[in-house]
Structure formats: C-alpha cells, structure tokens
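Notes follow the structure.
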Amino acid sequence: AEAVHALCDAGKVDMVLVMTVEPGFGGQKFQPEMMTKVKALRVRYPDMDIQVDGGLGPATIDAAAAAGANVIVAGSSVFGSSNVAAAIAVLRTAVEGAAAAAAT
C-alpha cells in the first residue's frame with residue numbers, strides 16, 4: 001500500500017485499479033475483502049478514480065460502489081447477459097447512487 005500511496009501522493013497516478021479476483025480468467029468469484037482497500041483509497045484520495053475489476057455484477061456492485069469504486073470492469077456479467085444494456089444500467093445506477101450518497 002505504501003508504494004501506491006507514494007505514487008498517488010506525488011501526483012503520478014490518475015487512477016488506481018484494485019483487483020477483486022485473482023488475475024487470469026473471467027467468471028471468478030468476487031473477493032469482498034478487497035473492499036477494505038477501496039475504502040482506504042477513497043478516504044485518502046476522494047477525487048481519484050478507483051477502478052475495480054473482477055466478479056462484479058448485480059450481486060456485488062453495491063458493495064464495490066459503497067466502498068468508493070467509481071470505475072467498474074465487468075466482463076462476464078455484462079457480456080453473459082441476455083440484455084447487455086440492462087446489465088450496464090444496473091452497474092451504472094449503483095455507482096452513481098453511491099457517489100450521490102457520498103456527496104451529501
């Protein structure tokens with residue numbers, strides 16, 4: 001974490017990616033314990049883009065959005081859906097709702 005913080009504090013980072021699965025292949029189970037990292041980043045860097053990648057879909061997006069993630073990478077839950085637009089809308093609505101709630 002210190003290495004990431006040093007880069008962020010020096011203004012050398014525009015976005016931080018937190019992997020919420022083990023990198024390698026799609027369709028893996030979301031790791032909710034990674035939300036601690038997202039929360040800590042959001043507290044320290046309230047205006048930075050924080051991206052999460054892996055296991056994100058309707059059942060997990062609220063946890064990621066509430067933790068402070070505002071950039072979502074979702075492969076299987078979007079492209080495996082019979083309605084891609086609706087799948088994206090669910091993710092977008094959760095992130096926008098969490099951001100609005102955090103702003104108040």
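The model shown is predicted, which means the values in this text are computed figures rather than measured ones.
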Please tabulate, for side-chain N and O atoms in residues 30-41, each donor-acceptor pair with protein atoms closer than 3.5 Å (sequence neighbours left out).
none

Do D14 and D49 pass the side-chain contact (heavy atoms from CB on, under 4.5 Å) test, and can you show the C-alpha distance, the side-chain angles, and the key distance before you say yes or no? CA-CA 7 Å; D14 295 322; D49 284 331; over 6 Å; no

For a side-chain contact (heavy atoms from CB on, under 4.5 Å) check, start with the C-alpha distance between V4 and E2, then their side-chain angles and the critical distance, and finish with the verdict. CA-CA 5 Å; V4 171; E2 284 82 34; over 6 Å; no

side-chain contact (heavy atoms from CB on, under 4.5 Å) partners for V13, two or more places apart: L7, C8, V16, M48

Can you see which heavy atom on P58 is nearest to which on I61, and at what distance? O-CG2, 3.9 Å

Between N70 (side chain only) and I50 (backbone N and O only), is there a donor and an acceptor less than 3.5 Å apart? yes

Would you be so kind as to tabulate the donor-acceptor pairs closer than 3.5 Å made by side chains of residues 72-96, with sequence neighbours excluded?
residue, atom, partner, partner atom, Å
S76, OG, G27, N, 3.2
S77, OG, L56, O, 2.7
S81, OG, N83, N, 3.0
S81, OG, N83, O, 3.1
N83, OD1, A85, N, 3.4
N83, OD1, A86, N, 3.0
T93, OG1, A89, O, 2.8

Please answer whether the main-chain N or O of G54 pairs with a side-chain N or O of Q28 as donor and acceptor at a distance below 3.5 Å. no

Is there a path of hydrophobic side-chain contacts, each under 4.5 Å between heavy atoms of I/L/V/M/F/W/Y residues, joining V21 to V18? no

